[in-house]
Amino acid sequence: METKPPLPPFTAETAAQKVRMAEDAWNTRDPDRVVQVYTEDTRWRNRAEFPVGREQVRGFLQRKWARELDYRLIKELWAFTGNRIAVRFAYEWHDDSGQWFRSYGNENWEFNEQGFMQRRFASINDLPIAAPDRKFHWPLGRRPDDHPSLGDLGL
């Protein structure tokens, strides 16, 4: 049976590793890659959308990244226990009119024994920002290891 290490039960080290792996995957903005870490029957709540299963999640992500342009994300471990991880995050993006936003949120994740995410609950708020107020300036893709964290940025 396929696994997606690190596996639960999580330690501080493995939970932080799982969070960074998720951040790296989402920063690719590749729905086909991202959905591979979720169970076939994954259940989500993301704002007002409730996708179920990898195919619905793939469609959700395709729509998301078609609308949220130049997306850059930072995730931070908040808490963990057993097979669950709580994350806080912020990401910056702009719409097709050029308006920039910083979206803040929290996620609760639940994993199966093989390390696949089976449930994801996200609460997100969008704040319009001016381009000079942006804080996430790395080239599109993976956040560099030496880039400040959310805490370092005061977010």
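When a residue number appears, it is its place in the shown sequence, counting from 1.
Lys18 contributes a side-chain N or O that, together with a main-chain N or O of Gly115, makes up a donor-acceptor pair within less than 3.5 Å. Side-chain N or O atoms of Glu76 include one that pairs as donor or acceptor with a backbone N or O of Gly151 at under 3.5 Å. A donor-acceptor pair is defined here as one N or O able to donate and one able to accept, closer than 3.5 Å; no such pair exists between the side chain of Arg63 and the backbone of Leu61. A donor-acceptor pair under 3.5 Å is formed between the side chain of Gln56 and the backbone N or O of Val52. Judged purely by atom type and a 3.5 angstrom limit, Arg47 has no side-chain atom pairing as donor or acceptor with the backbone of Ala122. Between the side chain of Thr42 and the main chain of Thr39, no donor-acceptor pair closer than 3.5 Å is present. At distances below 3.5 Å, at least one donor-acceptor pair connects side-chain atoms of Thr28 with backbone N or O atoms of Asp30. Glu92 places a side-chain N or O within donor-acceptor distance of the main-chain N or O of Lys135, the cut-off being under 3.5 Å. Distance alone, capped at 3.5 Å, is enough to place a donor-acceptor pair between the Asp152 side chain and the Ser149 backbone.
Counting heavy atoms from C-beta on, the side chains of Phe89 and Glu23 never come closer than 4.5 Å. Leu73 is listed as a side-chain neighbour of Trp26, based on a closest heavy-atom distance under 4.5 Å. Looking at Leu153 and His147, their side chains come closer than 4.5 Å, going by heavy atoms from C-beta outward. By the 4.5 Å heavy-atom criterion applied to side chains, Arg72 and Arg134 are counted as neighbours. Annotation: side chain of Glu110 is in contact with side chain of Asn83 (closest heavy-atom distance under 4.5 Å). Taking the side chain as every heavy atom from C-beta outward, Trp44 and Phe121 never approach each other to under 4.5 Å. Residues Tyr104 and Leu150 form no side-chain contact, since every pair of their non-hydrogen atoms from C-beta on lies 4.5 Å or further apart. Side-chain contact between Glu107 and Lys75 is present, with heavy atoms from C-beta onward closer than 4.5 Å.
Residue Phe60 is grouped with residue Met117 when hydrophobic side chains (ILVMFWY) are merged at heavy-atom distances under 4.5 angstrom, including chains of intermediate members. Under the 4.5 Å side-chain contact rule for hydrophobic residues, Ile124 and Leu127 do not share a cluster. No continuous path of hydrophobic side-chain contacts links Val34 to Phe50 [ILVMFWY only; heavy atoms under 4.5 Å]. At a threshold of 4.5 Å between side-chain heavy atoms, the hydrophobic network of Ile, Leu, Val, Met, Phe, Trp and Tyr places Ile74 and Val19 in two separate groups. Hydrophobic clustering (side-chain heavy atoms under 4.5 Å, transitive across Ile, Leu, Val, Met, Phe, Trp, Tyr) keeps Phe101 apart from Ile129.
The distance from atom CZ of Arg142 to atom CG of Asp24, rounded to the nearest 0.5 Å, is 4.0 Å. Here CD of Glu68 is found 11.5 Å from CZ of Arg29. Values are rounded to the nearest 0.5 Å. We find the CD1-CD distance between Ile85 and Gln17 to be 10.0 Å, quoted to the nearest 0.5 Å. With values rounded to the nearest 0.5 angstrom, Arg119 atom CZ is found 9.5 Å from Asn108 atom CG. Separating the CG atom in Leu69 from the NE2 atom in His94 is a distance of 5.0 Å, to the nearest 0.5 Å.
Of all heavy-atom pairs between Ser97 and Asp95, the closest is OG-OD1, 2.7 Å. The heavy-atom pair separating Pro6 from Met21 by the smallest distance is CD-SD, 3.7 Å. Of all heavy-atom pairs spanning Leu77 and Phe80, the tightest one is CD2-CD2, 4.2 Å. Between Pro31 and Gln62, the shortest heavy-atom distance links the atoms CG-CG, 3.7 Å. Across Leu7 and Thr3, no two heavy atoms sit closer than the pair CD2-CB, 4.0 Å. Taking all atoms of both residues into account, the shortest heavy-atom contact from Pro8 to Gly82 is CB-O, 3.7 Å.
Counting heavy atoms of neighbouring residues, nucleotides and ligands inside a 6.0 Å radius, atom CH2 of Trp78 does not exceed 12 of them. Surrounding CD of Glu49 are more than 12 heavy atoms belonging to other residues, nucleotides or ligands, all under 6.0 Å away.
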query: Going through the distances and angles, do Asp126 and Ser103 end up as a side-chain hydrogen bond (donor to acceptor under 3.5 Å, both in side chains)?
result: CA-CA 4 Å; Asp126 300 319; Ser103 298; 2.4 Å; yes
- request: Report the C-alpha separation of Glu40 and Phe116 in whole Å, then their side-chain angles, then the decisive distance to 0.1 Å, and conclude whether the side chain to side chain contact (heavy atoms under 4.5 Å, CB included) test is met.
  value: CA-CA 9 Å; Glu40 289 288 343; Phe116 290 87; over 6 Å; no
- request: Could you walk me through whether Arg45 and Ser123 pass side-chain hydrogen bond (donor to acceptor under 3.5 Å, both in side chains), step by step?
  value: CA-CA 8 Å; Arg45 185 196 76 224; Ser123 297; 3.0 Å; yes
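Relative to the ring axis of Trp93, Arg67 places its NZ or CZ within 45° and under 6.0 Å from the centre. In this structure, Arg120 fails the cation-pi test against Trp109, since its NZ or CZ atom is not both closer than 6.0 Å to the six-membered ring centre and inside 45 degrees of the ring normal.
Less than 6.0 angstrom separates the ring centroid of Tyr71 from the ring centroid of Tyr91.
Comment: Arg20 engages Asp145 in a salt bridge, judged by a side-chain N to carboxylate O separation of less than 4.0 angstrom.
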